[in-house]
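Notes follow once the structure below has been shown.
Any value given below was found using the heavy atoms of this structure, including those in side chains, with hydrogens, waters and symmetry copies removed. Both counts, for ligands and for their atoms, begin at 1 and track the order of listing.
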Amino acid sequence: MFKQQTYKERRAELRRRMGGGLILLPGNDEAPANYFDNAYAFRQDSTFLYFFGQNLPGLFGVIDADSGEETLYGDDFTVDDIIWMGPQPSVAELGAQVGVSDTRPSAALEQTVRKAVRQGRPVHFLLPYRGLTQIRLARLLGVDVAALADRMSVDLIINVAAMREVKSAEEIEEMERAFDIGYRMHTTAMKMCRPGVTEREIAGAIEGVTKQYGWGVSFHSIVSQHGETLHNHCHDGVLESGRMLLCDAGGETVNNYCSDHTRTYPVGGRFSQRQKDVYEVVLAAHDHVAAMVAPGMMYRDVHTASYRVLAEGLVSLGLLRGNADDAVAAGAVSLFMPHGLGHGLGMDVHDCEAMGERGLRNFDIVAERAAEIDTCILRNNWRLRPGTVMTDEPGLYFIPAYAAKWRSEGKCRDFIDYDLLETYFDFGGVRIEDDILITGEGRRMLGGGRHIPVTVAEIEEFMGR
Ligand code: GLY
Ligand code: MN
Ligand code: MN
């Protein structure tokens, strides 16, 4: 938890930005995995955590942007609970830690919300991504769950995203701690990457690292020799020499700030010439982005710049014919990299995505405003600001089914050498990912000057030790 003042200032800033209305910020509850007392690891809602700082289930924050009242709702534990859980702070104590003097039992929440609804006041909420929170909000507002999506507050989405996407100095320190966890994860994986070792052993080891040094993983680890499958969560493979392992994984600090890195390296630690050739193209795109992103730039332009470097490399490999600019304009690169260059990073590994175009079921309600204000919730219209953290994660993937589809449709056939491409169908895929902070002057890679081995020489040297 940050100091009390941080949360007070954030709530005051949100009140100022919103100008009025009742703002509902539900925390998460326990989510049972297979029976009520056996829950998934508790993960607090990031927006609740951002404004109310408490990392415990059963809490609900309310900010009255007209009166300035701030209230934390929750129920004190009984002695029966404490027998199982040990001594627990009261809700009043939790509130005091984050500068909220008004705390009330959960049952009082209904009256507060119903009164505002009766009075016709605006009641602001973000569309919840968890079913339990949806049911709770619908009940409080007296509407059907399906109606929530039409009533979510565009103002709240815009203002919360605009605040969360720009990281303060103390948040950057947390993200540097997240980098440290990522560094340990990826160097552990590299050291283990030998023929005969299973993907599961490596995934288990690096996920253990996240629990040793932080809260846990920031998303399901991708540890696979089938790097061509973008989000491959299967860990059944046994490492074979001649293949490459793609490891895309990150951890969260105990305060839930995330890291997200990818490295791809040869099993056993020595690149073949073909592996090196493909790898160097991806690294060139990664390095180009890391040298050129700057405040004020639009994310889509950075994405296109990475495609441009990949296109040049694909031309040099003979997989694309002709001119790199024409190939980019024709859309040929998306066969080899069918994803965006990166995304925002913060308290969510895809920061603020629950509020964005990929999180909301009906983003249309938000789209017009989002396009005006250039936030990360609409990636194509995202202006990079000092304090923004974004991932830089270009890749090249050889996906047989996707290539066969393009070929059968005759897509970009003037640009793509499909016969040569078929000789790469046993290759897999390469992705390289680092986390970049946009600064006032330009940018810097998170890691405080350290980085996870990334060049061919660094990887071969590190894995050969
Ligand atoms: N969560 C995987 C990635 O975006 O890199
Ligand atoms: Mn990643
Ligand atoms: Mn990523």
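Taking a 4.0 Å cut-off on heavy atoms, R431 fails to register as neighbouring ligand 1.
Proximity of T391 to ligand 1, defined as any heavy-atom pair under 4.0 Å, is not found for any part of the residue. Under 4.0 Å from ligand 1, the heavy atoms of D260 that appear belong solely to its side chain.
Side-chain contact annotation: Y129 with N28, donor-acceptor N/O pair under 3.5 Å present.
Taking every heavy atom of both residues into account, V289 and S306 meet most closely at CG2-CB, 3.8 Å.
Here H350 does not reach the Mn ion (ligand 3): none of its N/O/S atoms is less than 2.8 Å from the metal. Contact annotation: E393 places no N, O or S atom under 2.8 Å from the Mn ion (ligand 2).
Shortest distance from the Mn ion (ligand 2) to D248 is reached at OD1 (N/O/S atoms only). For D260, the N, O or S atom closest to the Mn ion (ligand 2) goes by the atom name OD1. Restricting E433 to its N/O/S atoms, the shortest distance to the Mn ion (ligand 2) is reached by OE1.
In terms of protein heavy atoms, atom 4 (O) of ligand 1 is closest to H350 NE2, 2.7 Å.
Checked by atom type and distance alone, the side chain of R443 never pairs as donor or acceptor with a backbone atom of A294 at under 3.5 Å.
Atom numbering of ligand 1 starts at 1 in the shown order; those under 4.0 Å from a heavy atom of D248 are 2 (C), 3 (C), 5 (O). Near E433, with a cut-off below 4.0 Å to any heavy atom, the atoms of ligand 1 are 5 (O).
Residues V254 and R177 are not in side-chain contact: their nearest non-hydrogen atoms beyond the backbone lie 4.5 Å or more apart.
Note that R11 lies in the cation-pi zone of F52, set by a 6.0 Å cut-off to the ring centre and a 45° limit from the axis. The cationic group of R274 does not satisfy the cation-pi geometry with F427, failing either the under 6.0 Å distance to the six-membered ring centre or the 45° limit from the ring axis. The cationic atom of R10 (NZ for Lys, CZ for Arg) lies less than 6.0 Å from the six-membered ring centre of Y50 and within 45° of the ring axis.
Counting heavy atoms of neighbouring residues, nucleotides and ligands inside a 6.0 Å radius, atom NE2 of H233 exceeds 12 of them.
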